[in-house]
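The structure under discussion appears below in the form of structure tokens.
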2 protein chains.
Amino acid sequence: MPDESQPQHDSVGAWAKQYYFASRALIEATLREHGIGPTQWYVLHQLVNEGPTTQRELALALKIERATMSGVVSTLVRKGLVAQIPDAADQRQRILSVTAAGRTLWAGLPDPVALATAASFEGVDEADLAVARRVLQAATARLLEHLDS
Amino acid sequence: MPDESQPQHDSVGAWAKQYYFASRALIEATLREHGIGPTQWYVLHQLVNEGPTTQRELALALKIERATMSGVVSTLVRKGLVAQIPDAADQRQRILSVTAAGRTLWAGLPDPVALATAASFEGVDEADLAVARRVLQAATARLLEHLDS
DNA sequence: TGCTAATTGTCTGCTACCGTACAATAATCG
DNA sequence: CGATTATTGTACGGTAGCAGACAATTAGCA
């Protein structure tokens, strides 16, 4: 989604969007030189830190659809970073784990989220951060409520 | 990009992302029943309110790449909502304008951005909104600065 | 046990975004 | 004027996301 139109350009919502795009750009730029995208990074992060899991669990943890996960996983498999093995107990499920190549890549990878957070908020007043967090949290809750009805 | 991993889950950045996704979902849901996407809506909005412009100007205004605009425009042309006419003066440029069908559709369209803003922030304390806006604006500036270097 | 859910992952089709490279066209400078 | 450079839109490949439909498989209930 592109930039806001004029009337909303100064709203918190518009700035949340601006901020999100900027942080996303930084994260993507950080990862691009390593040849992976943000979601691929999140998947590796999860697998490295939580151990092998099913695609279903991974999709739940990262809050993306099974169909999306399916695509991301096949990309990672194609790159040889992740192995996708059918579960012996339940033939429907595929268990994912990081390959040796995946671990090697991971070892040389920065944490793009930590970098972005540091660049964004280091040294900013804690009370202000708390207010911003509260406002965004409440707004998100109201939007989700609105989406249900 | 999916959800944050644990350590950052309570940060302003994480909530900005959550908020962005929720607002995007509401905007997309609002527009889906009319058969267009958010970016298509922004393009129509711009063309209706600013009159015919070149693709270049439109891409600048909406802060998206020429390549992206090219795709969005060809979708709108395919739907018969926008006309793409080569400029007589400069054969490189294509001038975009809303067709009659486009205006008819536009007349029946809600403003999804205004709806989302209202659902998000109506009745929220103005001082808090100002703080949140300031924090996000500053963070965005810091990120963009970081991206330049 | 056997038929009917429900679950899991995939496939197709769509939107949307970027980066790189390219052809066509215009502008500029020697 | 002619060669170089800049601009404009497009093509292609990659990433990421959703919705809906589907086959395979499992679970649950009559």
Side-chain angles (χ1 to χ4, degrees), chain A residues 1-3 17 20-22 24-44 53-60 62-79 81-82 84-96 112 147, chain B residues 1-3 17 20-22 24-29 31-43 53-60 62-79 81-82 84-96 112 147:
Chain A
M1 214 179 325
D3 198 17
K17 185 201 282 190
Y20 170 71
F21 274 106
R24 187 191 169 93
L26 180 55
I27 289 172
E28 284 180 348
T30 304
L31 290 175
R32 188 166 303 127
E33 46 201 283
H34 299 278
I36 65 170
T39 304
Q40 293 172 40
W41 185 85
Y42 281 108
V43 168
L44 288 177
T53 47
T54 62
Q55 283 189 209
R56 181 186 148 276
E57 287 174 306
L58 215 45
L60 281 176
L62 302 187
K63 292 186 189 154
I64 59 180
E65 290 296 307
R66 283 174 302 152
T68 303
M69 181 59 75
S70 184
V72 173
V73 165
S74 62
T75 301
L76 286 168
V77 168
R78 180 168 44 77
K79 290 178 179 171
L81 303 174
V82 162
Q84 187 185 35
I85 303 151
D87 187 2
D90 187 338
Q91 296 286 122
R92 291 171 303 186
Q93 302 191 141
R94 314 289 172 89
I95 295 182
L96 304 176
L147 275 166
Chain B
M1 209 177 330
D3 197 18
K17 185 199 283 189
Y20 169 72
F21 275 104
R24 186 191 169 92
L26 179 55
I27 289 172
E28 284 180 347
L31 291 176
R32 187 167 304 126
E33 46 201 281
H34 300 277
I36 65 170
T39 304
Q40 294 171 38
W41 184 86
Y42 281 108
V43 168
T53 46
T54 62
Q55 283 191 208
R56 181 185 149 276
E57 286 173 306
L58 214 45
L60 281 176
L62 302 187
K63 291 185 190 156
I64 60 179
E65 290 295 308
R66 282 174 302 153
T68 303
M69 182 59 74
S70 183
V72 174
V73 165
S74 62
T75 300
L76 287 168
V77 168
R78 180 167 44 77
K79 289 178 180 171
L81 303 175
V82 162
Q84 188 186 34
I85 303 152
D87 186 3
D90 187 338
Q91 297 285 122
R92 292 171 304 185
Q93 301 190 143
R94 314 291 173 87
I95 295 182
L96 303 177
L147 275 166

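This structure is a prediction, so every number in the text was calculated from the model and none was measured.
At the heavy-atom level, Glu57(B) lies nowhere under 4.0 Å from the strands shown. The residue Arg94(B) sits close only to the backbone: its heavy atoms come under 4.0 Å of sugar-phosphate atoms, none of a base. Residue Thr75(B) is in sugar-phosphate contact alone, with no base atom involved, counting any heavy-atom pair closer than 4.0 Å across all strands shown.
Residue Gln91(B) has no polar side-chain atom (N or O) positioned under 4.0 Å from OP1 or OP2 of dA27(C). Between dT15(C) and Lys79(B), a contact under 4.0 Å exists linking OP1 or OP2 to a side-chain N or O. Note on Arg24(B): every side-chain N or O is 4.0 Å or more away from OP1 and OP2 of dT15(C). Gln40(B) has no side-chain polar atom (N or O) that falls below the 4.0 Å cut-off from OP1 or OP2 of dC17(C). For Thr68(A), a side-chain nitrogen or oxygen approaches OP1 or OP2 of dC18(D) to under 4.0 Å. Neither OP1 nor OP2 of dT26(D) sits under 4.0 Å from any side-chain N or O of Gln93(A).
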Please list every donor-acceptor pair under 3.5 Å in which a side-chain atom of residues 68-79 of chain B meets a protein atom from a residue at least two apart or in another chain.
{"residue": "Ser74(B)", "atom": "OG", "partner": "Ser70(B)", "partner atom": "O", "Å": "3.3"}
{"residue": "Ser74(B)", "atom": "OG", "partner": "Gly71(B)", "partner atom": "O", "Å": "2.8"}
{"residue": "Thr75(B)", "atom": "OG1", "partner": "Gly71(B)", "partner atom": "O", "Å": "3.1"}
{"residue": "Lys79(B)", "atom": "NZ", "partner": "Gly35(B)", "partner atom": "O", "Å": "3.0"}
{"residue": "Lys79(B)", "atom": "NZ", "partner": "Gln40(B)", "partner atom": "OE1", "Å": "2.8"}

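In this structure dT26(D) sits in no base pair that meets the Watson-Crick or G-U test at under 3.5 Å. The pairing partner recorded for dA5(C) is none, the criterion being a Watson-Crick or G-U wobble arrangement whose two distances lie under 3.5 angstrom.
Of the candidate nucleotides dC17(C), dA26(C), dT26(D), dT26(D) has the atom lying nearest to any side-chain atom of Asp90(A). For Thr39(B), taking side-chain heavy atoms from C-beta onward, the closest of the listed nucleotides dG19(C), dT7(D), dC17(C) is dC17(C).
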TODO: Check the pair Arg24(A), Lys17(B) against side chain to side chain contact (heavy atoms under 4.5 Å, CB included), reporting the backbone distance first and the verdict last.
DONE: CA-CA 9 Å; Arg24(A) 187 191 169 93; Lys17(B) 185 199 283 189; over 6 Å; no
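In this structure, CG of Leu76(B) is placed 15 Å from P of dG9(D), rounded to the nearest angstrom. In this structure, Arg78(A) atom CZ and dG13(D) atom P are separated by 13 Å, rounded to whole Å. Atom pair Trp41(B):CH2 and dT15(C):P shows a separation of 18 Å (rounding to whole Å applied). Separating the CG atom of Leu44(A) from the C1' atom of dA16(D) is a distance of 16 Å, rounded to the nearest angstrom. If you measure from atom OH of Tyr20(B) to atom P of dG17(D), you get 11 Å, rounded to the nearest angstrom. Put simply, CD on Glu65(B) is 7 Å from C1' on dC18(C), counting in whole angstrom units. Look at CD1 on Ile64(B): it is 14 Å from C1' on dT10(D), rounded to the nearest Å. Spacing between atom CD1 of Ile36(A) and atom C1' of dT15(D) amounts to 12 Å, rounded to whole angstrom units.
Once rounded to the nearest 0.5 Å, the distance linking CZ of Arg94(A) with CG of Asp87(A) reads 10.5 Å.
When the nearest nucleotides of DNA chain D are assigned to Gly35(A) and Arg66(A) by heavy-atom distance, the more 5′-ward of the two goes with Gly35(A). Remark on DNA chain D: of its neighbouring residues Asp87(A) and Val73(B), the 5'-side contact belongs to Val73(B), judged by nearest-heavy-atom nucleotide. Nearest-nucleotide mapping onto DNA chain C: of Ser70(A) and Arg92(A), the residue sitting toward the 5' end is Arg92(A).
Annotation for Leu147(A) and Ala22(B): closest pair CD1-O, 3.9 Å, computed over non-hydrogen atoms. Among all heavy-atom pairs drawn from Ile36(A) and Leu31(A), the shortest one is O-CB, 3.3 Å.
Ring geometry, Tyr20(A) versus Tyr20(B): the interplanar angle falls under 30°, so the pair is classed parallel (tilted spans 30 to 60°).
For dA23(D), the glycosidic angle deviates from 0 by more than 90°, giving an anti base.
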